[in-house]
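Right, one structure below, let's go through it.
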Amino acid sequence: METESVRSEISGRSRRSSRHRHNTHRSTRSTKSQRKDCVDNTMAPFQTSVNINPEGRDGQEVIEVQILPQDENWGENTTAVTGNTSEGSQSMEDVSNWPIESDNGLGCSRYFGTTVALGLCFVSFVSPLAMVVLPKIGFFPGLTDNQAIQPSQRIQLLACTAECKGILLSLAFKLVLLAIGVWAIFLRPKYAIFPRIFVFRAMMLVTLAVCTFSYWLFYFVQITEATKALAVGEEAVDYSSLVSYVSSFADSLLFVHYAAIILIEIRHLEPVYYIKIVRSPDGESRSYAIGQLSIQRAAVWVLQKYYTEFTIYNPYLEKIPISKSQRKAQSSIKFYEVDSNTNASSGQARSGGSCSGSTRRRDSGSAHNERYYEEAERERRVRKRRARLHTAAEDAFAHVRRVRLSHAGGGALGPREAAQAVFPSLARALQKYLRATRQQPRHSADSVLAHLARCLSQDASPRAFLEPFLIEGPVLAAEQEARPIQCWSLISDELLARPLADNIEFQLRQGDISLICSIKQLPKFSLSEEVVDPKSNRFILRLNSETSV
């Protein structure tokens, strides 16, 4: 009895589940057949929620699947797009599931080096002013409060003659020019975090620190010797000599600034190497001439070129659909065990291997034919939908005429209202073109409406409106790449702080995108002058009856 009750319960549950699947299928088909008139933000027509409960009734695993329809179809039709069937797969249409690199650890490391450099520059810049002002404010008691010094001698010791005043004026102009140079060249936001130290920058900071420490050391030595000389009644260093000493310190700071400009800003401007950048997923490449940089600085230079000159990478174009005939041909391939013990089985295996090899050759030949015709069909469909999009945009813009407020009637609309009024007439053609070119995730309904309103307010042409959809922009133009910090991994066999050399390769990686960079040295050129005699530029005509001349 218990067995029969369990069987009846299982059969009843299977009938209920089959009716539930049938009703769900009918509701899904009815939902797909409905047309929606609203305009929303995204293009995903459905969201799928999967709940797995391993502890169901009677110890059985229960899987609940819910399909939630959304009113987010701004193209007036609905298309359900499913992902792969693997547990770890994701739908290419759901961009929100893509991993985004975090910027952990960049808060302190981004400003630590800049803070140290600014602190050292500030100390070096203030040091000449402090050296000039300290004796005047009585910071050294041995020079001002010494009882052995007469007041007249004290006044003469701290007096500034005309030559001293000229040196002070020259010192002021030097410091002003130095401040302007530091502000224009080095006081800029830091746009990259290097994994290794920047050798030339660190060398200049060490030179600046040694220069400042040396001048302060000799400054205190001169003050100490002057105090001892005054104590015994000997002649000491006066204020004019200190001013000359400080002026030489300002000259040294200017020369350090000049050397920093040469090594950091000018040295790499002359092209020395040729670099080729290949993007791994789609094989797009660029070639540039680059100067003498370190590997890590060259990587930053490559990323700047990548974000401004490479086209947007579209991962959806890499998934080429497989036709039914090709899928059937792949399923018909048989594999045989070659390593067999008996002679009969080995003969059968050889015959089977030869058959499978010929079948594989035929399948490979049909595969590239199928690929060729599918790509040709896709290009034809894209051209057709582009033509329809051009026509729809021109018709939509033809209904909008810009008028001034003084001559406008009561029915005049603003840019946003006018864009919402004409958008339904071109939305269907635009979405079909975006589907054909796999650009749906990059353009939402709100962004298209905002772009249309901006084009209408600026009295732009239909082709100007279609430019973001028809022409591939740089990587930085994509909304998904508009992040304040881009995290990349630099892979190289050489030390990253070393300069570039011939036949060096390094790789930049971010998620599925990889930039492979190859370095080649530019050749050296030897030019020689060749003088052509003007008398040799004479020609005669050899007429022939068989020729047309």
Side-chain angles (χ1 to χ4, degrees), residues 111-144 154-190 197-230 235-269:
Y111 300 104
F112 178 75
T114 304
T115 304
V116 172
L118 287 179
L120 185 56
C121 292
F122 179 77
V123 171
S124 302
F125 181 79
V126 175
S127 295
L129 299 177
M131 290 179 181
V132 172
V133 174
L134 288 180
K136 287 289 187 179
I137 62 177
F139 186 78
F140 301 102
L143 296 178
T144 57
R154 186 180 296 109
I155 294 174
Q156 185 178 2
L157 185 64
L158 298 178
C160 187
T161 61
E163 183 181 0
C164 175
K165 293 179 181 178
I167 297 175
L168 285 176
L169 184 61
S170 174
L171 177 63
F173 277 104
K174 290 176 184 177
L175 292 179
V176 170
L177 293 177
L178 180 62
I180 294 175
V182 171
W183 170 80
I185 302 298
F186 298 108
L187 291 184
R188 293 176 295 182
K190 191 176 181 180
I197 62 172
F198 184 13
V199 177
F200 291 132
R201 186 170 179 265
M203 185 173 63
M204 287 295 102
L205 290 178
V206 171
T207 304
L208 182 60
V210 171
C211 179
T212 304
F213 177 76
S214 302
Y215 269 91
W216 271 112
L217 179 62
F218 283 99
Y219 178 79
F220 281 108
V221 169
Q222 288 182 0
I223 294 297
T224 304
E225 291 180 353
T227 304
K228 293 179 180 180
L230 290 175
E235 185 179 355
V237 179
D238 56 355
Y239 185 72
S240 299
S241 300
L242 290 178
V243 172
S244 300
Y245 177 80
V246 174
S247 178
S248 66
F249 183 25
D251 293 335
S252 300
L253 292 179
L254 286 175
F255 280 113
V256 171
H257 181 264
Y258 174 74
I261 293 176
I262 294 296
L263 294 177
I264 298 177
E265 300 294 334
I266 299 179
R267 183 174 179 268
H268 66 274
L269 296 181

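We use all heavy atoms of the structure for the numbers below, so side chains are in, but hydrogens, waters and symmetry mates are not.
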* Test log, rule ring pair (Phe, Tyr, Trp, His ring centres under 6.0 Å), inputs Tyr219 and Trp216 -> CA-CA 5 Å; Tyr219 178 79; Trp216 271 112; 5.6 Å; yes

* Structure fact -> Tightest non-hydrogen contact, residues Leu120 and Leu205, listed as CD2-O, 3.3 Å

* Asked: Considering residues at least two apart in sequence or located in another chain, which fulfil the side chain to side chain donor-acceptor pair (under 3.5 Å) criterion with Tyr245?
  -> none

* **Rounded distance (nearest 0.5 Å) linking atom CG of Leu187 with atom CD1 of Ile180** => 12.0 Å

* Asked: To the nearest 0.5 Å, how far apart are CZ in Phe249 and CZ in Phe218?
  -> 13.0 Å

* Asked: With side chains defined as the heavy atoms from C-beta onward, is the minimum distance between Ser127 and Tyr215 less than 4.5 Å?
  -> no

* Residues forming a side-chain contact (heavy atoms from CB on, under 4.5 Å) with Val132, sequence neighbours excluded -> Leu168, Leu171, Tyr239, Val246

* Nearest 0.5 Å, what's the CG-CG distance between Leu134 and Leu242? -> 10.5 Å

* Within-4.5 Å side-chain heavy-atom neighbours: Val182 and His257 -> yes

* Sort and list the pairs that fulfil side-chain hydrogen bond (donor to acceptor under 3.5 Å, both in side chains) and have at least one residue in residues 160-180, not counting sequence neighbours. => Lys174-Ser247, Lys174-Asp251

* To do: Applying side-chain contact (heavy atoms from CB on, under 4.5 Å), run through Leu208 and Leu253 and close with a yes or a no.
  => CA-CA 8 Å; Leu208 182 60; Leu253 292 179; 3.5 Å; yes

* Asked: Looking at Phe200 and Leu263, what are the two nearest heavy atoms and their distance?
  -> CD1-O, 3.9 Å

* Sequence neighbours excluded - side-chain hydrogen bond (donor to acceptor under 3.5 Å, both in side chains) pairs with any residue from residues 259-268 -> Arg188-Glu265

* **side-chain contact (heavy atoms from CB on, under 4.5 Å) partners for Leu129, two or more places apart** => Leu175

* Structure fact -> In short, side-chain hydrogen bond (donor to acceptor under 3.5 Å, both in side chains) pairs touching residues 199-214 with sequence neighbours left out are Ser124-Thr212

* How many angstroms lie between atom CD1 of Ile261 and atom CE of Met204, to the nearest 0.5 angstrom? -> 11.5 Å

* Going by heavy atoms in the side chains, are Phe186 and Leu118 under 4.5 Å from each other? -> no

